[in-house]
Amino acid sequence: MDIAQSDFSEQFGYTLCDREKIHLLGHIQPHGILIAIKELELEIVQISENTIHFFGIAASSLVNKPLLTLFPQSQIEILLPLFSQQDLETFNPIRLTAQIKSEKYQFEGEVYRSDGLLILELEPLFTGSKDSLGFYHLAKAATANLRKAQDFSELSNLLVQEIQKITKYDRVLIYKFDPDDSGVVIAEAKSQYLEPLLGLHYPASDIPSFARELYHRKWLRLIVDVDTQPVPIIPSNNPLAQEPLDLSLSSLRSVSLFHVKYLQKMKVSASLVIALINEDKLWGLIVCHHPIPKYIDYETRKTCEFLGQIMSIEIVSKHEIQLKKSQEKIKDIQAKLKQNILDSNQSISQAPIQDVFIQDVLMQDIDSLLNLVNAQGAVICLGDRISSIGQCPPQAFISSLVTWIQAKSQDIFYTNHLSQSYSEAIEVTDIASGLLAVSISLNHTSYHVIWFRTEVLQTVNWAGDPSKLLDIGTDDNSDNLSPSPRRSFELWKETVKAKSLDWEEVEIEAALELRGTLMLAALEFSQQALKQEAERSEVANQAKSSFLARMSHELRTPLNAILGCTQLMHDDDSLTHDLEEYVHIISHSSEHLLNLIDDVLEMSKIEAGKIILEETKFDFYLFLNNLQEMLQIRAKDKKLKLIFAIHPDLPQYIKSDERKIRQILLNLLGNAIKFTSKGYVTLRVSLLKADSISSKVVIHFEIEDTGRGIASEELDKLFKAFVQTASGKASQTGTGLGLVISQQFAHFLGSHIIVSSILDKGTTFQFDIAVEQLFTGLIAVDEVINTTKTSMAVVEKESQLDNSQSLRILLVEDNSFNQMIALRLLAKLGYQADCAMNGVEVLKALEHKSYDLILMDLQMPEMDGLEATRRIRLIETDLSSHRIKIVAMTANAMAEDREKCLLVGMDDFISKPVRIDDLAAVLNVSKQ
């Protein structure tokens, strides 16, 4: 076999060994018997084949037979109470007597569950076996001796001596696992003729990962004779699981071939292993070896296991003692660093966080920072700034190392062999063989404190060459690649390079505590920075809102004239067909620009967080009816069916944000009509669920159309600002903001719009809104009318003709074009009006004439509309005169503008461009 093949075979063999299913071998050791039972039926379904040796009965004749075949009823009564218990381990060991005809056989054993079966493992109870008092005396004497230990090392030595005294094994040792799963012998008691193993290291491959897992699950493992033939279990498969019985908890489990060869090469015939557990992790093993077969009874095993548990407790105790000592040592260091950080936080709150940390905190006391974790060098990296103290690698190396650490995204990272994880470190092993780093990520900036330890050359004594883990193909057939342990356990010395001393757990915890202290300070600094940023952001938002409001006003003013003219020209019979087309184009383009302005303003409010929940009580049936009437004209123009499918169980009166629900539905239904050329558009509204305890109900909305559909690759972009689908671009309409605003409104109402679509077949939008159901007996009639009046149908123009004598109107408008348009619109509705150019003229006009309605612009020279309204209301109060209805008619269309108008005493609000229908509705209400 050549070298390449040898390397591959060794790796292949180790993989086979590590993956060997040693819990499913299907055999047991011959010194006991195994019986697998169906609990409810008390039926034997599997049994070890060696019953002929114990009872003189073939195992095959016992399969599928009742347990009474082996045990009398009195013995089964001992087992029955156990069936209701979850944790059977506390009842082990148990004693049972089997009876075949008149012959009785006494056993001691264990009971556990596996793969749905109850498992009995029984070993003959020999004459002279110790009783429970024997266990007590053994444990008491051993514990008394262990108490004499002054430290952990002495305790370890006393423990192996006590276990050797109790068990009479030739060798007893304590084997401690290292972080890489290799191990070292830390205590040993042996016969004089044996070579010592104390201090020897063993590679991780000697105890494969699955074997370690089994030691963690089953704390004690006895092998009586490695050379004996294992006994098969029949039938081979568990009838419930249809695979070999899981023997993970078995004491009788047979030995894997690899382990048999391993022990044979160590010249060991019998062994006993006791697991040492620390914080639910396998810390190490107590290992007992003997050159000839050796059986240990249950009471002795129990004593050894008890002593192992004492040792496990002592491991934790030892850790806590060392931790306490180390914590006391670093307590002052940590307190000093913490105080420096907090002091700097309070006194230099305006400085950037990285400057404060580097210049005023960590760099103040270099020795404290290094001594905190017993390091020889440290690097402090805060954002782009890097400072180093003590023995550190070159700056170029540190920069690349920080990038590597940052990519790991771990709060803490430590190693005593940096070059193994980060190959570039091989060039700086003398300075940076060990590394301990804590990291903080805050506000898209990373902060790191990195400690370095220098290289410490070590000589490690191995039990054999650790690079030769396995022998492959050493059997008679050289083509057989079955794994076998290495040939030699002779002392092999290795000089370990590029490693530092291990980082102690207390040092790691100290670094984590320092990270917490830095995090606290960073958060406090960040909070101050966020506060300042919020203040700057608020100023920016105010400036942005002011700019948008101004631009909106400036754009709406000319649009008012443009759309006013198109409305006046729309019904002019003298227009030629071409001129009608031009008027339509101008009107359509102006409406598009107006929608864009409104959407930009709405998005600005959303981004600034100024959207509020405006819940009102309203008639939901009337709301839907008005919505259908509003959209029916557009649907008829395109010869589409507009279907409103309203479930009869829907509540009539609800409380929610009527405006936002209307805007969502108008947008979704409007889009559906716009992009559907034939077929139908359907709105389905149903009651999804109702809360029987509260008045909350969830209403489901579904908008379906038979339009063009949306490609699957465009669905993800559907709710992004200023992004349009292919059909949207083709229509050359829309702003690309409508769906974004609708989704934001849905989120604000606790919902989410979902969409599904098939090209050339149609699209469906769905969302749910939780609302409060109102009962008619609890709502005053005038309240319902008041909350739904905004949903009233537009008053027909025909009913408003010949009203010239019904209302005395004063139109206040400083722009001559807009004044002319307003007068023409009023005339078209059958009204006349006097005019004023500003607030001063309004007050003078009121001195000579009484008016029923004032249509008031806001931004005017000399005196604006708000001030004029305030003075009018004061005059009315002083004179107790008739209250004039004042309606704002302005290009200031922001929500806050409406609020200002209502606060100073205006009665209603019309935003420019003025639509004749809106004007007609105001005039109609004013006549009442």
Heavy atoms, side chains only, cut-off 4.5 Å: are [X] and [Y] in contact?
X: Val438; Y: Tyr447; value: no
X: Met906; Y: Val887; value: no
X: Leu624; Y: Ile646; value: yes
X: Tyr621; Y: Leu650; value: yes
X: Pro651; Y: Leu774; value: no
X: Ile754; Y: Phe765; value: no
X: Leu668; Y: Phe701; value: no
X: Trp404; Y: Ser421; value: yes

Practice prompt. Decide side-chain hydrogen bond (donor to acceptor under 3.5 Å, both in side chains) for Asp619 and Gln652; before the verdict, give the C-alpha distance in whole Å, the side-chain angles of both, and the deciding distance to 0.1 Å.
Written response: CA-CA 6 Å; Asp619 186 331; Gln652 180 174 359; 3.1 Å; yes
Within this structure, what is the [atom1]-[atom2] distance for the pair [X] and [Y], rounded to the nearest 0.5 Å?
X: Gln766; Y: His700; atom1: CD; atom2: NE2; answer: 4.0 Å
X: Arg684; Y: Thr764; atom1: CZ; atom2: OG1; answer: 7.5 Å
X: Lys900; Y: Arg898; atom1: NZ; atom2: CZ; answer: 14.5 Å
X: Lys641; Y: Asp705; atom1: NZ; atom2: CG; answer: 15.0 Å
X: Asp857; Y: Asn818; atom1: CG; atom2: CG; answer: 7.5 Å
X: Leu665; Y: Ile703; atom1: CG; atom2: CD1; answer: 5.5 Å

Worksheet item: Where do Asn667 and Ile741 land on the side chain to side chain contact (heavy atoms under 4.5 Å, CB included) test, with the steps shown first?
Response: CA-CA 9 Å; Asn667 189 280; Ile741 294 170; over 6 Å; no
Nearest atoms (heavy-atom pairs only) where [X] meets [Y]:
X: Ser656; Y: Leu749; answer: OG-CD2, 4.5 Å
X: Leu642; Y: Gln632; answer: CB-OE1, 3.6 Å
X: Ile753; Y: Ala746; answer: CG1-CB, 3.8 Å
X: Val402; Y: Cys381; answer: CG1-SG, 3.6 Å
X: Thr763; Y: Gly709; answer: OG1-CA, 3.5 Å
X: Tyr680; Y: Thr676; answer: O-CG2, 4.2 Å

Does [atom1] belonging to [X] count more than 12 external heavy atoms closer than 6.0 Å?
X: Lys408; atom1: NZ; result: yes
X: Lys638; atom1: NZ; result: yes
X: Leu613; atom1: CG; result: yes

Between [X] and [Y] (side chain of the first, backbone of the second, donor and acceptor by atom type, cut-off under 3.5 Å), is there such a pair?
X: Asp657; Y: Glu614; result: yes
X: Ser751; Y: His747; result: no
X: Arg515; Y: Ser439; result: yes
X: Asp907; Y: Ile886; result: yes
X: Ser757; Y: Leu715; result: no
X: Asp768; Y: Val698; result: no
X: Glu704; Y: Leu683; result: no
X: Ser400; Y: Phe397; result: yes
X: Gln819; Y: Glu813; result: yes
X: His647; Y: Asp649; result: yes

Worksheet entry | From CA spacing to verdict: side chain to side chain contact (heavy atoms under 4.5 Å, CB included), Arg659, Phe745 | CA-CA 10 Å; Arg659 175 179 167 273; Phe745 279 178; 4.2 Å; yes
Discussion item. Which residue is it: Val922, Leu855, Leu902, Asp918? I am looking for the one with a side chain to side chain contact (heavy atoms under 4.5 Å, CB included) to Asp908.
Written reply: Val922
Worksheet entry | side chain to side chain contact (heavy atoms under 4.5 Å, CB included) between Leu759 and Ile710, worked out | CA-CA 6 Å; Leu759 278 177; Ile710 304 167; 5.7 Å; no
Worksheet item: What class does the angle between the rings of Phe618 and Phe620 fall in, given that below 30° is parallel, 30 to 60° is tilted and above 60° is perpendicular?
Response: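 Taking Phe620 first and then Phe618, their aromatic rings stand perpendicular (interplane angle over 60°).
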Worksheet item: Yes or no on side chain to side chain contact (heavy atoms under 4.5 Å, CB included) for His448 and Ile405, after CA distance, side-chain angles and deciding distance?
Response: CA-CA 9 Å; His448 311 277; Ile405 291 174; 4.0 Å; yes
